[in-house]
**Q** 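Got a structure for you, questions after.
Worth saying up front: this structure is predicted, and the values here are computed from it rather than measured. Values below: all heavy atoms of this structure, side chains included; hydrogens, waters and symmetry mates excluded. Each chain gets a letter, A, B and so on, in the order the sequences are listed, and its residues count up from 1.
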There are 2 protein chains.
Amino acid sequence: MSKGVNLKELSNRLQLSQTTVSRALNGYPEVSAETRRRVAEMAEKLGYAPNSQARRLATGRSMAIGHVIPRSIHEMMNPIFLEFIAGAGETYSKHGYDMIISVVEDDHEEDAYRQIASRKKADGVIIHGPAADESRHRLLREINLPFVVHGRIPGAENETSWVDMNNRRAFERATNLLLDLGHKRIALLNGLEHMDFARRRRVGFEDALAARGLAPDTGIMRSSDMTEPYGCDNAMEMLRSANPPTAFLVSSMISAIGVARAIGQCGLETGKDVSIITHDDALSFLPNSGEVPIFTCTRSSVRYAGQRAAELLLDHIADPEREPSSLHLDAELIVGQSTGPAPDR
Amino acid sequence: MSKGVNLKELSNRLQLSQTTVSRALNGYPEVSAETRRRVAEMAEKLGYAPNSQARRLATGRSMAIGHVIPRSIHEMMNPIFLEFIAGAGETYSKHGYDMIISVVEDDHEEDAYRQIASRKKADGVIIHGPAADESRHRLLREINLPFVVHGRIPGAENETSWVDMNNRRAFERATNLLLDLGHKRIALLNGLEHMDFARRRRVGFEDALAARGLAPDTGIMRSSDMTEPYGCDNAMEMLRSANPPTAFLVSSMISAIGVARAIGQCGLETGKDVSIITHDDALSFLPNSGEVPIFTCTRSSVRYAGQRAAELLLDHIADPEREPSSLHLDAELIVGQSTGPAPDR
DNA sequence: GGGCGCTTTCAAAGCGTTTTGGGCAAGAAT
DNA sequence: ATTCTTGCCCAAAACGCTTTGAAAGCGCCC
């Protein structure tokens, strides 16, 4: 309760050595029960808390996990990123780790990782938003910094630890649902396809079509930053075309909201004239629940992914010899109000 | 470029004392130009970077700023929070500071601050989302942890440093615009009114009405978490009532999108039959720009607020004697497509 | 040629922990 | 009666940096 007591003062007050006090507080066995009690009591009374810098220096572990986030990624993935962070943060604090976030200029990302390693700022990092031509994992391996990927690095699935949802499968199932409902012309509003997750989603979409002998029509397939206007503008354009799609498969709730707006502006009704399935990351400020969710969706909690990715990383730090391990999360396919049978024509 | 060189090795290699090497690298004057050059060269060659824990311990400054974010706040303010963080993060890295984020259970927030102070985890913190009955600033003062508030603490405006936008004024101006357009029945969809910012917005709204001799109708004023369904459900209910509003003043883009959806579902047209003005925090994934923005809005960049708040805090840490200083940002009032003259009736 | 000031360097003392390598009893085993 | 455990505790050495206080070298002045 009082201020600024350090280990030396505390042990003086107790007439004990720093060693014993330290051991008592850190739960080592070679301390008598009585002494441990006395120490705990006095520590509480004087409000002792170990200086974390000193402890980190002495133990050689920084007890922190780094997240480096280049401005551009953050612009793109903003809300998803935070939700992930929140999940990871819960795990960290549960295990006494700190989370340190570096916002860096895009071309300084590599520098940021090198600094984290050389200055010993963190014991590990999480790679966000792996691209199709990812290379960060090589750097991290080179500088010997443990990491876990949120998503997957194509070609390195077996040699890295990762947490990802089954993007391909989710979009395959979603497409199948639309096909089962009789939709023949399905538009795909995907995320940026230099990102690994977007590629996999597209493959799932195409696989489902191919399984029914349908060829994808690139005229109604788009790939971009997943903003609201992106959804609206592209849907609008397609709906006004000669041969409009009857269904949209959309990569994010935010864009899906844009699509719904476009449908409304065309005087059509979502779920009746035009169907939408979106991927729902279960963001807290965009709830899509209720008795019947507004959007039919593939849902996978990105916050949960954050928790688990953090756990994997912490495990890996605790035991560096362990083989890389991974978690493949399946998305739920949830039927809401935004889908219905394809209209007759 | 190589790994794990520390100061001792580096100075051995140079046949110099650690003192001199340290001084050379940290830019102290009492080092000859020639020596400084040699040191820099060798440091580069061996890839030396000072261990940050050791440095922090030696200097007594942790070179980090803490952001503690209780789960509940984060659920509410999710995207805004991240945008602020991103801004602050830019400032931190520019000044060599780390940003550490603690996600804590709601009832552990106070603990989190105490820990930051007693374990010396950060040199200062930022208070997010001040409430009407705020008390964190007292705790922080008691434990002597420098801080800056994002927003304002009612009653403590002069004794704390803060960065806030002029919420009252923004909503007053927005309301005036609607009144000027002939709207008489204006609904307010506000954020949670135990939050300071929401209160101020409501006051601005009421002031504008009062100035024209109008009394607010609490039947069309709501206060809640600013989600999309919140906007849609409440707008829907009001629009279907006997005496529906002709305009909505909304506290966030996300809810405004919900309102627009409700308007569409009622077969009405936004900007024609019903007007909307929303507050726009300039979130990157919800751009509201273009030639004519979709939404008429009061706009203020929360990312910019983050940058400036961080600067204020860093200044304050550098010179603890300095008087608290503050920044009052004015929101722009930007006319978009969602407003028009009140329909005749 | 001793004193003085200036520049440049160094050895050593922190910073606040953890950890290493004993030490000293008291009881157990030989 | 000696040697081994076992349980509990300690002094001192890390950890890798910054900073203090001193000193060496050198030119210059009186």
Side-chain angles (χ1 to χ4, degrees), chain A residues 3-40 42-43 46-64 96 98 115-123, chain B residues 3-40 42-43 46-64 96 98 115-123:
Chain A
K3 76 308 216 65
V5 201
N6 61 16
L7 188 57
K8 198 203 273 188
E9 290 183 53
L10 177 59
S11 46
N12 279 346
R13 281 288 289 266
L14 285 161
Q15 295 282 59
L16 285 172
S17 74
Q18 298 192 26
T19 309
T20 304
V21 175
S22 173
R23 294 204 144 131
L25 292 172
N26 290 319
Y28 283 74
E30 56 273 76
V31 173
S32 76
E34 165 60 9
T35 305
R36 193 186 300 281
R37 197 193 51 69
R38 271 182 62 219
V39 170
M42 184 64 83
L46 301 186
Y48 168 76
N51 178 306
S52 39
Q53 328 297 351
R55 178 195 286 234
R56 296 191 226 261
L57 177 58
T59 58
R61 328 201 329 135
S62 70
M63 295 302 284
D98 285 340
Q115 288 222 355
I116 288 176
S118 61
R119 319 180 93 110
K120 303 268 162 46
K121 286 199 172 186
D123 297 326
Chain B
K3 78 303 218 67
V5 202
N6 60 19
L7 186 59
K8 198 202 272 188
E9 290 183 53
L10 177 59
S11 45
N12 279 347
R13 281 287 288 266
L14 285 161
Q15 296 280 60
L16 285 173
S17 73
Q18 299 192 25
T19 310
T20 305
V21 176
S22 172
R23 292 206 147 129
L25 291 172
N26 290 320
Y28 282 73
E30 54 275 75
V31 174
S32 76
E34 166 62 8
T35 305
R36 193 187 299 279
R37 197 194 50 70
R38 273 183 60 220
V39 170
M42 184 64 81
L46 300 186
Y48 169 77
N51 178 304
S52 39
Q53 329 298 350
R55 181 197 285 241
R56 296 191 224 261
L57 178 57
T59 59
R61 327 201 330 133
S62 70
M63 295 302 282
D98 286 339
Q115 287 221 357
I116 288 175
S118 61
R119 320 180 93 108
K120 303 266 159 45
K121 288 200 170 184
D123 297 327

**Q** Looking at the side chain of Asn51(B), which of dT17(C), dG16(D), dT18(D) is the nearest nucleotide?
**A** dG16(D)
**Q** May I have the distance from Arg55(A) (atom CZ) to dG16(C) (atom C1'), rounded to whole angstrom?
**A** 11 Å
**Q** Taking the side chain of Thr35(B) as heavy atoms from C-beta outward, which of dC9(D), dT18(C), dT9(C) is closest to it?
**A** dT9(C)
**Q** Can a donor-acceptor pair be found, under 3.5 Å and without considering hydrogens, that links the side chain of Thr59(B) to the backbone of Arg55(B)?
**A** yes
**Q** On DNA chain C, does the nearest nucleotide to Ala58(B) precede the nearest nucleotide to Leu16(B) from the 5' side, or the other way round? Give the residue.
**A** Leu16(B)
**Q** Please tell me which of Val21(B) and Leu57(A) maps to the more 5' nucleotide of DNA chain C, matching each residue to the nucleotide holding its nearest heavy atom.
**A** Val21(B)
**Q** Within the structure shown, what part of the strands sits under 4.0 Å from Gln15(A) by heavy-atom distance: base, sugar-phosphate, or nothing?
**A** sugar-phosphate
**Q** Base, sugar-phosphate, or nothing for Arg23(B), non-hydrogen atoms under 4.0 angstrom?
**A** base
**Q** Just to confirm, is there a sub-4.0 Å distance from OP1 or OP2 of dT18(C) to any side-chain nitrogen or oxygen of Asn26(A)?
**A** yes
**Q** Figure out the CD/P separation between Glu34(B) and dG25(D), and round it to whole Å.
**A** 19 Å
**Q** Quick check for you: to the nearest 0.5 Å, what is the distance between Ser62(B) atom OG and Gln53(A) atom CD?
**A** 5.5 Å
**Q** dC17(D), dT9(C), dC8(D): which one has an atom nearest the side-chain heavy atoms of Tyr48(B)?
**A** dC17(D)
**Q** Checking all strands, does Ala24(B) fall into the base, sugar-phosphate, or nothing category for heavy-atom contacts under 4.0 angstrom?
**A** nothing
**Q** If we count only N and O atoms by modelled type, under 3.5 Å, do the side chains of Ser22(B) and Thr19(B) hold a donor and an acceptor together?
**A** no
**Q** Any side-chain N or O of Ser17(A) less than 4.0 Å from the OP1 or OP2 oxygen of dA11(D)?
**A** no
**Q** Calculate the interatomic distance between Leu7(A) atom CG and dC10(D) atom P; express it in whole Å.
**A** 12 Å
**Q** Nearest whole Å is fine: how far is dT19(C) C1' from Leu25(A) CG?
**A** 15 Å
**Q** Are Leu46(B) and Arg13(B) close enough, and set up right, to give a side chain to side chain contact (heavy atoms under 4.5 Å, CB included), and what steps lead you there?
**A** CA-CA 10 Å; Leu46(B) 300 186; Arg13(B) 281 287 288 266; 4.0 Å; yes
**Q** Using salt bridge (charged side-chain N to carboxylate O under 4.0 Å, His left out) as the criterion, point out the one residue from Arg56(A), Arg61(A), Lys121(A) that pairs with Asp98(A).
**A** Arg56(A)
**Q** Could you check how far CD of Glu9(A) sits from P of dG16(C), rounded to whole Å?
**A** 9 Å
**Q** Please state how far atom CD in Gln18(B) lies from atom P in dT18(D), giving the value in whole angstrom units.
**A** 10 Å
**Q** With nearest nucleotide decided by heavy atoms, which residue, Gln53(B) or Thr19(B), maps closer to the 5′ end of DNA chain D?
**A** Gln53(B)
**Q** Expressed as a whole number of angstroms, how long is the span from Lys8(A):NZ to dA13(D):P?
**A** 15 Å
**Q** Quick one: is dC9(D) close enough that its OP1 or OP2 comes under 4.0 Å of any side-chain N or O from Tyr28(A)?
**A** no
**Q** Grab the CE-P distance between Met63(B) and dT18(D) for me, whole Å please.
**A** 12 Å
**Q** Please report the C-alpha distance between Arg119(B) and Asn51(A) in whole Å, then the side-chain angles of each, then the deciding distance to 0.1 Å, and finally whether the side chain to side chain contact (heavy atoms under 4.5 Å, CB included) criterion is met.
**A** CA-CA 4 Å; Arg119(B) 320 180 93 108; Asn51(A) 178 306; over 6 Å; no
**Q** Look at the side-chain N and O atoms of Ser22(A) and state whether any lies under 4.0 Å from the OP1 or OP2 oxygen of dT18(C).
**A** yes
**Q** Among dC17(D), dT18(C), dC10(C), which nucleotide sits nearest the side chain of Pro50(B)?
**A** dC17(D)
**Q** OP1 or OP2 of dC8(D) versus the side-chain N and O atoms of Thr20(A): is any pair under 4.0 Å?
**A** no
